[in-house]
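Only one structure is covered here, and it is reproduced in the block below.
Both ligands and their constituent atoms are indexed starting at 1 by order of listing. Starting from 1, each residue takes its place in the sequence as its number. For the numbers below, each heavy atom of this structure counts, side chains included, while hydrogens, waters and symmetry mates do not.
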Amino acid sequence: MNTQLPHVVIVGGGISGLAAAWFLTQGPNGPRASVTVLEAADHFGGKLRTTEFGGLTVDVGAESMLATRPEAVNLCREVGLETVPAATTQAAIYSRGRMRAIPRGLLTGVPTDLRKLAASGIVSLPGLLRVPLDHVLPRTVLHADVSVGDYVTTRLGAEVTARLVEPMLGGVYAGRSENLSLQMTVPALYRAASQRRSALEAARSVLEDGKKTMGPRKGPIFVGLEGGVGRLPGALVTGLRERGAQVRTSAVVQQVRSRANRWDVVVGDGRGKYVTYTADAVLFATPAPVTASLLETANGSAADELRAIEYADVAVVTLGYPASEARLLHGSGFLVPPVEGRSVKGVTYSSSKWSWVSQGARSAAPDGLVILRASLGRAGDPITAQMSDTELARTAADDIHGLIGLPRRPALQHVQRWETGLPQYNVGHRTRVADTREWLLNTPGLAVCGAAYEGVGIAACIGSAQAAVSTVLQQLAERREWAHG
Ligand SMILES: Cc1cc2nc3c(=O)[nH]c(=O)nc-3n(C[C@H](O)[C@H](O)[C@H](O)COP(=O)(O)OP(=O)(O)OC[C@H]3O[C@@H](n4cnc5c(N)ncnc54)[C@H](O)[C@@H]3O)c2cc1C
């Protein structure tokens, strides 16, 4: 360990913690800190994870990365991984009894082109006729935050919320539109809606502004990695070890307490053995409930804010069917609005979406496979807690059978549960995050990053790690003990 540098302990070795370690261990003038990453599980990566399935490796957590912002693509490049575009991104929504292609011109489900919406058939005629009322209804005053569901239902009617917005939010947040914050989940719409009466016009202005500022889009919106996005943590860990960072798994952080301007981080191995690391700064990259309990002694007010963040438990069921069934798959997959009364909320046709999966699956024994991935679980829905793995797999397969006609029983199946899978950005989340950061100013040397704050996606998590690293380095520099690169 380099004693000339401040020692920063990072709690949590998911993408946020590993990215923070990456940014700390290399600056323009060399390493900025000596770093220890402590991960409770026996593997790194958190919600980025692969498993062996039918002879190939597939993602059972996150599977794609946003390429319209730079963080994830850049980080992959830095660790020597080449991103690949999806082979198809044309998804459908199962609505009113059949699959319907998602029309262009939606902003998180909010339509901007009524002709395309009508042609899609996702919304019924009465639902469609309700939409233009948006132009004559009195302005919706957005005093503070509002839920996406309340705003969209008021402006465009309940059917647009139920059949378009709900499945889109379900896909990203595993949340419910009546709770999720407009300010956090569709911030550009929140800003535009504060200035315009019509939601349709507000959404249209957001899409047009996006086109103007970014120009004609070059390249894909989402990218993946051959072999799975779950390879990224491994590549980061290899790079971190080469840079001299200490990276430990099976290291459950139990307590963080202050001692003479520094922090003692107490770690258990789960078998009664404890080690204490002394750090100049501690960066928490753990889910909010864990961060809350670890912050309790040092900063009870920040802990209270974090404890209030709700999480959705979700599950990913990977299913393999004989390759001959590929004829039933069109596009990249589909979303299912809760109003349709199914358990799956979305299905990705992995072997259609990713060329590397299709190549691997074709050669899977005995006659090749098609691979699908079904998502189940939503905030407040006990399905994943109540069902066994076998029941979850059967439920997913039954829904897929009912919706697209694949055989009732797949050839292969795998269930991955994600407890505290996705934080819920409920109404007021932005204020809660701002308050947490404000409270943390009382305990310089403690910072937070990760999915619980300003975005759940991989790119946003990496962005939050970058921001937390800047905060920590600035605080350390203010103590004037270290000049950093
Ligand atoms: C099923 C699913 C699919 C998703 N799909 C996508 C997608 O396709 N694209 C996308 O961009 N995003 C996706 N996301 C979101 C994204 O994957 C996550 O938000 C992101 O990976 C979270 O990273 P993180 O590092 O902040 O947290 P986590 O991944 O939760 O990592 C936190 C780490 O802290 C560790 N930890 C917990 N307690 C302790 C402790 N006491 N001591 C030490 N370590 C501890 C945990 O073991 C874990 O490894 C998906 C999420 C889920 C659940």
Side-chain angles (χ1 to χ4, degrees), residues 9-21 36-49 59-69 71-73 86 170-174 221-225 228-230 232-233 236-237 247-256 265-270 277 282-295 311-318 333 345-346 348 350 353-354 373-377 384 415-423 425 448-465 468:
V9 165
I10 295 171
V11 187
I15 187 60
S16 305
L18 293 174
T36 302
V37 183
L38 301 169
E39 165 55 49
D42 61 2
H43 56 272
F44 288 103
K47 273 99 191 180
L48 270 59
R49 190 161 192 195
D59 281 309
V60 289
E63 53 114 45
S64 68
M65 298 173 286
L66 197 56
T68 51
R69 47 187 291 176
E71 297 93 336
V73 177
V172 180
Y173 294 96
I221 299 179
F222 289 100
V223 291
L225 292 173
V229 162
L232 178 55
L236 277 164
V237 168
V247 284
R248 279 197 52 198
T249 51
S250 305
V252 187
V253 175
Q254 314 266 354
Q255 211 181 25
V256 176
V265 181
V266 183
V267 177
D269 66 355
Y277 292 82
V282 181
L283 216 162
F284 297 89
T286 33
V290 177
T291 311
S293 71
L294 294 174
L295 273 175
Y311 272 71
D313 295 342
V314 297
V316 171
V317 181
T318 309
K345 60 182 192 213
T348 302
S350 304
K353 184 170 176 182
W354 303 111
R373 150 191 165 112
S375 303
L376 296 92
T384 55
V415 176
Q416 176 68 51
R417 290 163 180 278
W418 293 109
E419 278 167 32
T420 59
L422 285 153
Y425 288 8
V448 294
C449 66
Y453 307 99
E454 281 104 4
V456 300
I458 296 170
C461 287
I462 298 168
S464 90

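Listed by number with element, the atoms of ligand 1 under 4.0 Å from a non-hydrogen atom of Val316 are 1 (C). Atoms of ligand 1 found under 4.0 Å from any heavy atom of Gly450 (numbered from 1 in listed order, with element): 26 (O). Of all atoms in ligand 1, numbered sequentially from 1 with element shown, those under 4.0 Å from a heavy atom of Gly61 are 3 (C). If you number the atoms of ligand 1 from 1 as listed, the ones under 4.0 Å from a heavy atom of Leu38 come out as 43 (C), 44 (N). Near Ala251, with a cut-off below 4.0 Å to any heavy atom, the atoms of ligand 1 are 42 (N), 43 (C). Of all atoms in ligand 1, numbered sequentially from 1 with element shown, those under 4.0 Å from a heavy atom of Gly457 are 10 (C), 11 (O), 12 (N). Of all atoms in ligand 1, listed by their number and element, those nearer than 4.0 Å to a heavy atom of Val290 are 38 (N), 39 (C), 41 (N).
Side-chain N or O atoms of Tyr311 include one that pairs as donor or acceptor with a backbone N or O of Ala288 at under 3.5 Å. In this structure, Thr291 contributes its side chain and Thr286 its backbone to a donor-acceptor pair below 3.5 Å. Trp418 contributes no side-chain N or O that, together with a main-chain N or O of Ala312, makes up a donor-acceptor pair within less than 3.5 Å.
Between the CG atom in Leu225 and the CG atom in Asp59 there is a gap of 8.0 Å [rounded to 0.5 Å]. Atom CD of residue Glu454 and atom SG of residue Cys449 lie 10.0 Å apart, to the nearest 0.5 angstrom.
Annotation: atom 21 (O) of ligand 1 to nearest protein heavy atom, Leu48 CD1, 3.3 Å. The shortest contact between atom 51 (C) of ligand 1 and any protein heavy atom is with Leu422 CD2, 3.9 Å. Among protein heavy atoms, atom 13 (C) of ligand 1 sits closest to Ala62 CB, 3.5 Å. Of the protein's heavy atoms, Lys47 N, 2.9 Å lies nearest to atom 29 (O) of ligand 1. Looking at atom 24 (P) of ligand 1, its nearest protein heavy atom turns out to be Ser16 OG, 3.3 Å. The protein atom (non-hydrogen) at minimum distance from atom 34 (O) of ligand 1 is Gly12 CA, 3.4 Å. Shortest contact from atom 31 (O) of ligand 1 to any protein heavy atom: Gly14 CA, 3.5 Å. The protein atom (non-hydrogen) at minimum distance from atom 16 (C) of ligand 1 is Val456 O, 3.3 Å.
The N/O atoms of Ile458, backbone and side chain alike, include one that comes under 3.5 Å of an N/O atom in ligand 1. Of the N or O atoms in Ile15, one or more lie within a sub-3.5 Å distance of an N or O in ligand 1. Among the atoms of Glu63, some N or O lies under 3.5 angstrom from an N or O of ligand 1.
For the ligand labelled ligand 1, residue Ala315 lies outside the 4.0 Å heavy-atom shell. Using 4.0 Å as the threshold, Glu39 has a heavy atom nearer than that to some atom of ligand 1. In this structure, Thr286 has a heavy atom closer than 4.0 Å to ligand 1.
By the 4.5 Å heavy-atom criterion applied to side chains, Phe222 and Lys353 are not counted as neighbours. The shortest distance between side-chain heavy atoms of Val448 and Phe284 falls below 4.5 Å. Inter-residue side-chain proximity for Ile10 and Leu38 is flagged as unmet; no heavy-atom pair is nearer than 4.5 Å. Looking only at side-chain heavy atoms (C-beta outward), Thr318 and Gln416 stay at 4.5 Å or farther from each other. Val314 has its side chain within reach of Lys345: a pair of non-hydrogen atoms, C-beta onward, lies under 4.5 Å apart. The closest side-chain heavy-atom distance from Leu236 to Ile15 is below 4.5 Å.
Contacts between Ala285 and ligand 1, counted as non-hydrogen atom pairs separated by less than 4.0 Å, involve the backbone only. Counting heavy atoms closer than 4.0 Å to ligand 1, residue Val253 contributes atoms from both its backbone and its side chain. Neither the backbone nor the side chain of Ser375 has any atom closer than 4.0 Å to an atom of ligand 1 (non-hydrogen atoms only).
Which of Ala451, Cys461, Ala465, Ala40 comes nearest to atom 43 (C) of ligand 1 through a heavy atom is settled by distance: it is Ala40.
Residues passing the salt bridge (charged side-chain N to carboxylate O under 4.0 Å, His left out) test with Arg417 are Asp389, sequence neighbours excluded.
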Criterion side chain to side chain contact (heavy atoms under 4.5 Å, CB included) on Ile221 and Leu66, from CA distance to verdict: CA-CA 6 Å; Ile221 299 179; Leu66 197 56; 3.8 Å; yes
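Within the structure, no pair that satisfies the side chain to side chain donor-acceptor pair (under 3.5 Å) test touches residues 38-47, not counting sequence neighbours.
Only one option out of Thr36, Val265, Leu295 pairs with Val282 in a side chain to side chain contact (heavy atoms under 4.5 Å, CB included); it is Val265.
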